[in-house]
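All remarks here apply to the structure that follows.
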2 protein chains.
Amino acid sequence: MAAATQLGYRPNQIARSLITRRSNIIGVAMPNTGNPFYRNALNALSVEFARIGYRILLFTSDPVAGSDPILAEVLRYQVDAVVLISTSLSSHFAEECMQIGVPVVLLNRRTDSAAVSSVTGDNTRGARAIAAFLLAGGHRRFAYVAGLETSSTNRDREAAFFAALAQAGVDGVERQSGHYTAEGAAQAARVLLARRSRPDAIFCANDDMAFAVMNVARAEYGLDIGKTLSIVGFDDTDLAAWPMLDLTSYAQPVQPMVAHVLESIVAQLEGGVQATHHVVRGELIVRRSARRPSSGVERLDDGREIWRASD
Amino acid sequence: MAAATQLGYRPNQIARSLITRRSNIIGVAMPNTGNPFYRNALNALSVEFARIGYRILLFTSDPVAGSDPILAEVLRYQVDAVVLISTSLSSHFAEECMQIGVPVVLLNRRTDSAAVSSVTGDNTRGARAIAAFLLAGGHRRFAYVAGLETSSTNRDREAAFFAALAQAGVDGVERQSGHYTAEGAAQAARVLLARRSRPDAIFCANDDMAFAVMNVARAEYGLDIGKTLSIVGFDDTDLAAWPMLDLTSYAQPVQPMVAHVLESIVAQLEGGVQATHHVVRGELIVRRSARRPSSGVERLDDGREIWRASD
DNA sequence: GTGAAAGCGCTAACAG
DNA sequence: CTGTTAGCGCTTTCAC
């Protein structure tokens with residue numbers, strides 16, 4: 001032992017994993033977007049997995065091109081499990097992993113196959129709450145800035161938003177796609193705001209796009225956000241709480257979501273093969289980027305305000 | 001071959017690396033901060049390394065506690081090289097890697113030992129440019145919001161800023177530490193702004209802290225940023241360009257920095273044992289968060305404006 | 001109890 | 001040029 005430490009001996013984890021068939025490595029794939037929601041999720045995954053003895057092998061993918069080619073690589077590394085964060089076009093790959101016995105969890109994404117576990121925010125409830133909130137705020141002309149058409153988060157948010165508005169008798173809702181990018185959302189905003197009858201309420205499928213729309217609305221059209229134009233986002237990124245931005249947004253709580261990912265993966269590793277589908281409920285955090293309804297807003301102990309009327 | 005594909009055979013990369021002594025894995029350690037500069041660097045590293053056939057094994061560390069304990073783990077995975085992004089207290093570890101022949105590059109951090117390669121922004125030139133810029137803008141009462149005392153980036157920026165001001169005959173410069181966190185910077189801002197003779201120019205050691213200071217200055221003290229109070233950051237994060245934030249900041253160009261990391265690592269892998277120390281020059285991007293000097297600002301082709309007078 | 005040996009999946013060297 | 005074999009560093013089993 002003395003000689004070992006003196007020579008700086010380090011057990012070769014790679015060789016060990018060859019025989020134990022446990023690499024203690026989790027493959028994580030995510031789009032290489034600037035989206036802070038992913039960054040937070042990755043951070044949280046990294047510290048939580050480290051806590052139980054796993055490292056993360058990172059695979060970033062082009063957000064639109066999808067990631068299957070790169071993902072094929074991941075299995076060669078004998079990862080103990082795979083976490084797919086919002087990656088599009090990967091449902092085939094996920095099922096492939098399941099088949100060969102590698103646990104998979106989809107984070108912030110569903111797939112049509114019920115066989116592969118997922119953890120998502122409550123996109124439907126969130127989009128519905130946003131519709132109700134904007135309606136209660138007395139808005140008349142609505143618009144939706146969509147994310148990637150291929151993503152389940154966007155589909156769910158869009159469907160619920162339009163359904164809730166339709167149910168309230170609102171039609172003629174504008175729609176532009178921002179493809180979950182800042183540039184795309186800025187373009188969408190220019191199209192929407194240049195119209196003669198411009199919308200007075202815009203729901204953006206995530207915070208990143210909401211900020212891009214705010215930038216354009218204020219800098220290029222001189223609109224007073226929260227007065228002339230209401231903007232609501234989705235994710236409740238750190239930035240949303242900044243006084244200078246102050247974005248009303250539906251909170252997707254990263255910590256609980258990541259906790260469920262861990263839970264699902266350890267369950268699968270221990271042999272519970274049952275796929276689970278966790279929908280983590282969030283809250284619509286009310287700030288100043290959107291006109292505030294006269295009632296239905298409730299103040300929490302931590303000072304944040306949430307929209308309660310739609311429960 | 002037909003049978004192989006039909007059975008879904010995948011070469012075991014782990015077993016292969018046992019004999020080839022190449023895992024094609026790069027260990028990357030970075031603090032689990034929300035700092036967008038790190039997120040961008042990680043993204044860029046991930047795609048660039050993927051391009052040349054390497055994956056990234058991620059190690060996140062508590063920004064203040066340091067990371068040596070976790071880092072000891074990284075070597076067990078037989079990584080082909082290690083990239084340390086801004087991790088404090090790791091110089092011992094870095095030298096250990098070098099000793100056992102694992103290439104190391106420090107990104108955004110120097111170490112006293114010249115033996116280990118590094119890629120950093122030009123902290124000295126940047127801080128000097130900021131001092132000159134603020135002096136040219138006619139400011140009188142300066143303050144510095146420091147990052148972590150243990151980080152070389154902070155030490156370099158601080159030393160150069162104070163030296164440049166001293167050289168111009170300015171003393172009594174205030175200093176508060178924000179520890180490279182938003183909360184710390186907000187606290188620092190409250191201390192600085194509550195003073196009777198509050199500063200009219202604050203240089204924050206990075207953008208994250210600059211935004212936190214802006215938030216406090218505007219929301220809690222009602223100051224008009226760019227008029228009553230000038231704020232300058234460092235990094236030129238994506239956010240800095242947002243019209244709503246519009247932060248004057250010294251740009252650390254992530255792409256070239258990452259390119260140098262790659263270059264240094266492949267050189268080391270190919271046997272060139274010479275340690276290199278790359279200092280990547282940036283520019284002070286002039287926006288509206290700080291009062292603009294009457295001369296010395298130059299407009300680039302892409303519409304951005306930079307400070308040239310101090311060259 | 002301690003010690004030797006087999007084998008994880010692959011590659012490289014060597015033999016036919 | 002194809003086929004066999006030794007061995008990478010570890011764990012586990014089995015013999016002593």
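Convention: sequence-line order gives letters A, B, ...; per-chain numbering from 1.
Nucleotide dC10(C) holds its C1' atom 14 Å from the CG atom of N12(A), rounded to whole Å. With rounding to whole Å, I14(A) atom CD1 is found 17 Å from dC8(D) atom P. Distance, L18(A) CG to dC10(C) C1': 8 Å, rounded to whole Å. With rounding to whole Å, I19(B) atom CD1 is found 6 Å from dG7(D) atom C1'. Look at CZ on R10(B): it is 19 Å from C1' on dC8(C), rounded to the nearest Å. Atom pair Q13(B):CD and dT11(C):C1' shows a separation of 12 Å (rounding to whole Å applied). In this structure, CD1 of I100(A) is placed 13 Å from P of dG9(C), rounded to the nearest angstrom.
The CD1 atom of I26(B) sits 11.0 Å away from the CG atom of L57(A) when rounded to the nearest 0.5 Å.
Proximity of R16(B) to the phosphate of dT11(C): a side-chain N or O atom is located under 4.0 Å from OP1 or OP2. OP1 or OP2 of dC10(C) has at least one side-chain nitrogen or oxygen of Y9(B) nearer than 4.0 Å. Side-chain N/O atoms of R21(B) include one lying less than 4.0 angstrom from OP1 or OP2 on dG9(D).
Which of dT11(C), dG9(D), dT12(D) sits closest to the side chain of T20(B) comes down to dT11(C).
Using a 4.0 Å cut-off between a side-chain N of Lys or Arg and a carboxylate O of Asp or Glu, D80(B) and R55(B) do not qualify as a salt bridge.
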Subject >> Residues R22(A), Y54(A); criterion side-chain hydrogen bond (donor to acceptor under 3.5 Å, both in side chains); working and verdict >> reply: CA-CA 10 Å; R22(A) 282 295 188 100; Y54(A) 288 93; 3.3 Å; yes

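Using cut-offs of 30° and 60° on the angle between ring planes, the pair F234(B) and Y250(B) is tilted.
Using a 4.0 Å heavy-atom distance criterion, R22(B) is classed as making no nucleic acid contact.
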